[in-house]
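Just below is one structure, and these are the notes that go with it.
Counting begins at 1 with the first residue of the sequence. Whatever order the structure lists ligands and atoms in, that order sets their numbers, starting from 1.
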Amino acid sequence: MRFRVEENQLIPTQSHENSFPITQIPTIPQPPLNPAFTFNPDLLQQLTGKQLLLDDLPYSITEIQMHYENGYLTYRKGILKNKKQSICARCGNRDPQWFAAFPCARCGETCIYCRKCLMMGRISECTPLIGWNGPEPETTLPAQIMAWQGTLSEGQKTASNQVVEAIRQNQEHLIWAVCGAGKTEVLFAGIEAALAAKKRICIATPRTDVVLELTPRLKAAFPQIPIASLYGGSEDRHLFAPLTIATTHQLLRFYQAFDAIILDEVDAFPYTVEESLQHAVVQARKPTSAMIYLTATPNGKWQRECRTGKRAYTTIPARFHRKPLPVPSFVWCGNWSKQLQKGRLPQNVIRWIQTRIQADKQTLIFFPHIPLMEKALSILRPFHPAIEAVHAEDPDRKNKVQKMRNKELPMLLTTTILERGVTFPNIDVAVVGAEDAIFTESALVQIAGRAGRSKDYPTGTVTFFHYGKTEEMLKARRQIVTMNREGYKRGLLDDMGGAK
Ligand SMILES: [Zn+2]
Ligand SMILES: [Zn+2]
């Protein structure tokens with residue numbers, strides 16, 4: 001598409017005469033809001049707080065342009081340019097390797113586009129990002145906003161109050177909750193406060209699994225509030241809702257939308273490695289807004305900021321059942337990968353496994369790499385025919401996890417794919433090769449956090465088999481011990497466990 005500038009307005013045109021791709025127009029004029037104009041209420045619903053492409057909207061350019069001319073829509077440049085580089089306005093990409101040029105039929109020039117966010121529709125130099133500039137949708141509040149009536153533990157209550165406060169004051173706050181502390185319930189009062197103040201609130205997470213898991217829980221807690229649940233392929237894409245649950249990917253379509261964002265699992269892949277997702281979260285916030293971060297395992301930098309008072313945070317150091325987190329023990333097992341290549345497992349690993357099979361105790365065993373895990377599987381199958389192994393690309397992954405839940409498997413071998421998000425009530429956990437670089441402090445804390453989660457089985461052993469202790473292993477154990485100690489000190493644990 002090309003635009004010409006006329007009487008301080010952009011006018012879309014086919015002609016090349018005195019017209020340009022939007023990126024080349026220095027400043028985009030914004031016509032003033034015409035209160036006499038009757039706008040299309042569907043556009044209001046679909047565009048509030050968004051930045052969409054023409055292709056995302058089922059309306060003619062004529063209708064879109066009319067709303068722009070009357071001040072109800074904004075056009076923003078999809079690709080920004082400064083002297084040196086191109087910058088994608090949607091995903092923040094400025095790496096030249098992630099831009100490409102193509103002969104563009106829409107503007108009739110060689111057009112540069114962003115490859116980084118291509119899966120959300122192509123943004124090129126002639127692509128306007130369309131947003132809403134009119135009034136906000138009216139929301140009516142039901143008599144009862146929240147139906148949830150559960151109780152919070154002491155630790156949860158403290159955190160819950162902080163969330164409410166941060167949302168009221170538009171502040172940033174980190175909730176550092178140990179694995180299995182029950183962090184979702186900690187959000188409910190804050191969400192209720194936001195909704196009551198007619199604020200638009202979003203729970204964002206890097207993982208689709210989490211969106212799918214949270215949606216029914218929030219619908220049950222807030223049954224009369226419209227909730228948009230957004231992930232790749234979801235159907236709620238065009239729904240305006242006071243409460244949104246979305247993958248961080250989906251936030252690329254939002255622009256200054258939310259008064260409060262709750263970012264769950266800040267430390268999870270791909271959020272930690274994808275700058276575009278961090279960009280998406282930042283620009284989905286209104287300039288004045290609250291930001292709540294939730295995690296069981298903040299990275300080293302954040303932990304330091306917490307310790308030195310640079311970051312506002314609250315810990316939930318204990319689980320609901322008041323038993324300490326299982327503290328991992330370190331067991332040296334020699335050159336396990338060399339042994340595996342020769343078709344053997346270290347004797348102490350074998351013993352650990354045999355004891356548990358005989359005692360009918362379910363186990364989850366982590367391996368750093370798929371091929372070695374497959375080797376281990378073939379060695380272990382003779383011990384019990386139902387032992388299984390899973391990894392990220394395993395098409396049968398969901399089914400195997402379900403079988404493990406149903407207690408049909410005595411043991412599940414896994415890569416780090418199951419380090420978070422799964423709960424099996426009564427298991428012992430081991431890592432074989434805990435010294436591998438893939439097992440970061442945060443991965444190891446998450447892995448250890450798989451044990452002892454249920455109130456019926458609040459304990460479980462966690463063993464890190466290794467061929468040389470690493471700093472990450474030590475940091476992980478220290479973090480767990482510190483949390484137990486704090487939980488005990490605050491009266492949230494019945495006993496101290498390994499936190500001596
Ligand atoms: Zn992009
Ligand atoms: Zn073009």
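To the nearest 10 degrees, the Zn ion (ligand 2) sees SG of Cys126 and SG of Cys111 at an angle of 110°. With the Zn ion (ligand 1) as vertex, Cys91 SG and Cys114 SG subtend 100°, rounded to 10°. With the Zn ion (ligand 1) at the apex, Cys88 SG and Cys117 SG define an angle of roughly 110° (rounded to 10 degrees).
The cationic atom of Arg311 (NZ for Lys, CZ for Arg) lies less than 6.0 Å from the six-membered ring centre of Tyr293 and within 45° of the ring axis. Arg122 forms a cation-pi arrangement with Phe102, by the criterion of a distance under 6.0 Å to the ring centre and an angle within 45° of the ring axis.
Here Ile61 contributes atom CD1 and Met1 contributes atom CE; the two are 4.0 Å apart, rounded to the nearest 0.5 Å.
Counting non-hydrogen atoms of other residues, nucleotides and ligands closer than 6.0 Å to NZ of Lys398 gives a total of 12 or fewer.
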